[in-house]
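Lettering follows sequence order; numbering is per chain, from 1.
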Number of protein chains: 2
Amino acid sequence: MSDRLYQPSDPAAAFQPHDHRHCSSAALDAAEARLARQGARLTPVRRRTLEILLESHRAMGAYEVLDRLAAEGFGRQPPVAYRALEFLVSHGLAHRLQRLNAFAACLNPGHDHNPAFLICRSCDRVAEAEAAPVRAVLSDVAAAAGFRVERATIEALGLCASCAAEGAA
Amino acid sequence: MSDRLYQPSDPAAAFQPHDHRHCSSAALDAAEARLARQGARLTPVRRRTLEILLESHRAMGAYEVLDRLAAEGFGRQPPVAYRALEFLVSHGLAHRLQRLNAFAACLNPGHDHNPAFLICRSCDRVAEAEAAPVRAVLSDVAAAAGFRVERATIEALGLCASCAAEGAA
DNA sequence: AGCTGAACGTAATGCTATAACAAATCCTTG
DNA sequence: CAAGGATTTGTTATAGCATTACGTTCAGCT
């Protein structure tokens with residue numbers, strides 16, 4: 001029962017066993033607080049969508065989410081999932097992973113809303129890492145070309161510590 | 001006639017007027033040399049695909065390329081374009097832009113094969129920037145989480161110098 | 001109760017990408 | 001040169017991702 005606590009500020013934790021019920025409900029609480037502040041509504045579909053994403057540290061495709069929603073009595077057409085996902089993304093509660101055409105719950109809403117993503121190619125789990133220093137360098141490189149960076153996609157594919165320890169190639 | 005020369009090492013140039021015939025044919029020459037070294041063949045479809053990408057500094061969707069190829073007597077089914085594009089990408093002659101689901105010619109084959117991309121949201125042109133320093137920081141950040149980066153997608157969306165000068169918002 | 005705007009549901013469609021297979025071409029090697 | 005294997009091109013079909021358009025429902029307000 002005394003599993004280690006998930007600390008969103010520690011990306012390594014996402015790849016290791018942790019008290020997932022805790023990290024999941026913490027994110028849900030943070031989400032509710034955040035939306036209340038913004039005056040936005042966490043309706044049943046939206047809430048359920050977030051819960052589904054929170055069940056794992058993996059990224060899920062929109063249709064995978066849709067299947068789950070449909071099975072639970074929500075609509076079964078693509079816009080149902082896309083709308084809920086888009087709402088979550090635009091309110092900082094989830095992220096879209098360009099490389100995977102997929103979505104993942106934000107594990108630390110209210111902190112760094114444009115993290116770098118670490119995607120393990122072996123276990124498929126996704127962690128968020130502090131992107132500020134990376135962005136800073138990118139902005140410098142771009143500035144040298146007279147380019148002003150507004151948004152940046154930073155996604156790393158590789159091997160997480162757990163999988164490396166287990167001897168994954 | 002004496003337009004300024006395009007220097008692939010200077011990303012700003014991609015966004016400015018330059019002797020595009022030169023930068024295009026230079027890339028084509030470099031491509032041929034490179035493939036010869038690798039023992040790969042630049043067949044007609046592949047060559048034409050590269051030329052099409054080289055016509056602009058923009059990224060093109062696979063179907064946009066396909067339309068052009070079909071109009072010129074090549075096959076008109078998706079795999080025709082996807083195969084040629086995949087060949088170019090895997091041989092370092094073109095890049096795929098995750099954010100746009102599109103492809104752009106590599107303007108400096110044989111140099112930095114995993115650049116950062118600067119995508120102007122106003123003129124849609126794409127430049128390649130030196131990604132090494134950015135990757136270095138990203139690897140450090142990831143290493144702190146025990147994650148080993150193998151490949152990284154780094155794409156910046158923003159405003160290029162030319163568009164900023166023209167007063168684009 | 002009646003109004004209004006947000007949210008939800010469905011149908012239809014478009015865009016992106018790949019699997020599977022057949023025909024043509026190239027490159028050996030005898 | 002002929003035979004055989006590998007590569008390339010082409011086609012059909014289908015899978016996977018995403019959006020447009022439109023009607024209905026529902027919360028919140030007057």
Quiz item: From the list C/dA7, D/dA18, D/dT11, which nucleotide is the closest neighbour of the side chain of B/Arg76?
Solution: D/dT11
Quiz item: Under 4.0 Å between a side-chain N or O of B/Asn101 and OP1 or OP2 of D/dC17?
Solution: no
Self-check item: Under 4.0 angstrom between B/Tyr82 side-chain N/O and C/dT18 OP1 or OP2
Solution: no
Quiz item: For the pair made of CG in A/Leu85 and P in D/dA18, what is the distance, rounded to whole Å?
Solution: 10 Å
Quiz prompt | Non-hydrogen atoms of B/Thr49 and B/Val45 that approach each other most closely | solution = OG1-O, 2.7 Å
Quiz prompt | For atom CG of A/Leu100 and atom P of C/dT16, their distance in whole Å | solution = 19 Å
Practice problem: Could you state the atom-to-atom distance from CG of B/Leu97 to P of C/dT16 in whole Å? | Solution: 13 Å
Quiz item: Taking the side chain of A/Phe74 as heavy atoms from C-beta outward, which of D/dT11, C/dG9, D/dT19 is closest to it?
Solution: C/dG9
Quiz item: Should A/Leu159 and A/Arg121 count as side-chain neighbours, where that means a heavy-atom distance under 4.5 Å?
Solution: yes
Practice problem: Using atom CG of A/Leu66 as one end and atom C1' of D/dG16 as the other, report the distance to the nearest whole Å. | Solution: 13 Å
Quiz item: At under 4.0 Å, does any side-chain N or O of A/Gln77 touch on OP1 or OP2 of C/dA11?
Solution: yes
Quiz item: In the 5'-to-3' direction, what one-character label does each nucleotide of nucleotides 21-30 of chain D receive under the scheme B = base within less than 4.0 Å of a protein heavy atom, S = sugar-phosphate only, - = no such atom?
Solution: ------S---
Quiz item: Are A/Leu138 and B/Val141 connected in a single hydrophobic cluster, I mean Ile/Leu/Val/Met/Phe/Trp/Tyr linked by side-chain heavy atoms less than 4.5 Å apart?
Solution: yes
Quiz prompt | Shared hydrophobic cluster, A/Leu107 / A/Leu88 (ILVMFWY, side-chain heavy atoms < 4.5 Å) | solution = yes
Practice problem: Please assess B/Arg47 against B/Glu32 for the test side-chain contact (heavy atoms from CB on, under 4.5 Å), listing each intermediate value before the final yes or no. | Solution: CA-CA 9 Å; B/Arg47 183 189 179 92; B/Glu32 279 179 340; 2.3 Å; yes
Self-check item: Candidates C/dT10, D/dG10, C/dC8 - which lies nearest the side chain of B/Val45
Solution: D/dG10
Exercise. Hey, could you give me the CG/CZ distance between A/Leu97 and A/Arg58, rounded to the nearest 0.5 Å?
Key: 12.0 Å
Quiz prompt | Nearest-nucleotide 5' precedence on DNA chain D, B/Gly73 against A/Arg96 | solution = B/Gly73
Practice problem: Find the distance B/Glu86:CD to C/dA19:P and express it as a whole number of Å. | Solution: 10 Å
Quiz item: Could you give the CE-to-P distance, from A/Met60 to D/dC17, as a whole number of Å?
Solution: 12 Å
Exercise. Please tell me which of the listed nucleotides, C/dA17, C/dG9, D/dT8, lies nearest to the side chain of B/Arg46?
Key: D/dT8
Quiz item: In whole angstrom, what separates B/Leu42's CG from D/dT8's P?
Solution: 12 Å
Self-check item: Carboxylate-amine/guanidinium contact B/Glu86 B/Arg83, below 4.0 Å
Solution: no
Quiz item: How would you label the contact of B/Tyr63 with the nucleic acid (heavy atoms, under 4.0 Å): base, sugar-phosphate, or nothing?
Solution: base
Exercise. Can you tell me the distance, in whole Å, between the CG atom of B/Leu69 and the C1' atom of D/dT8?
Key: 15 Å
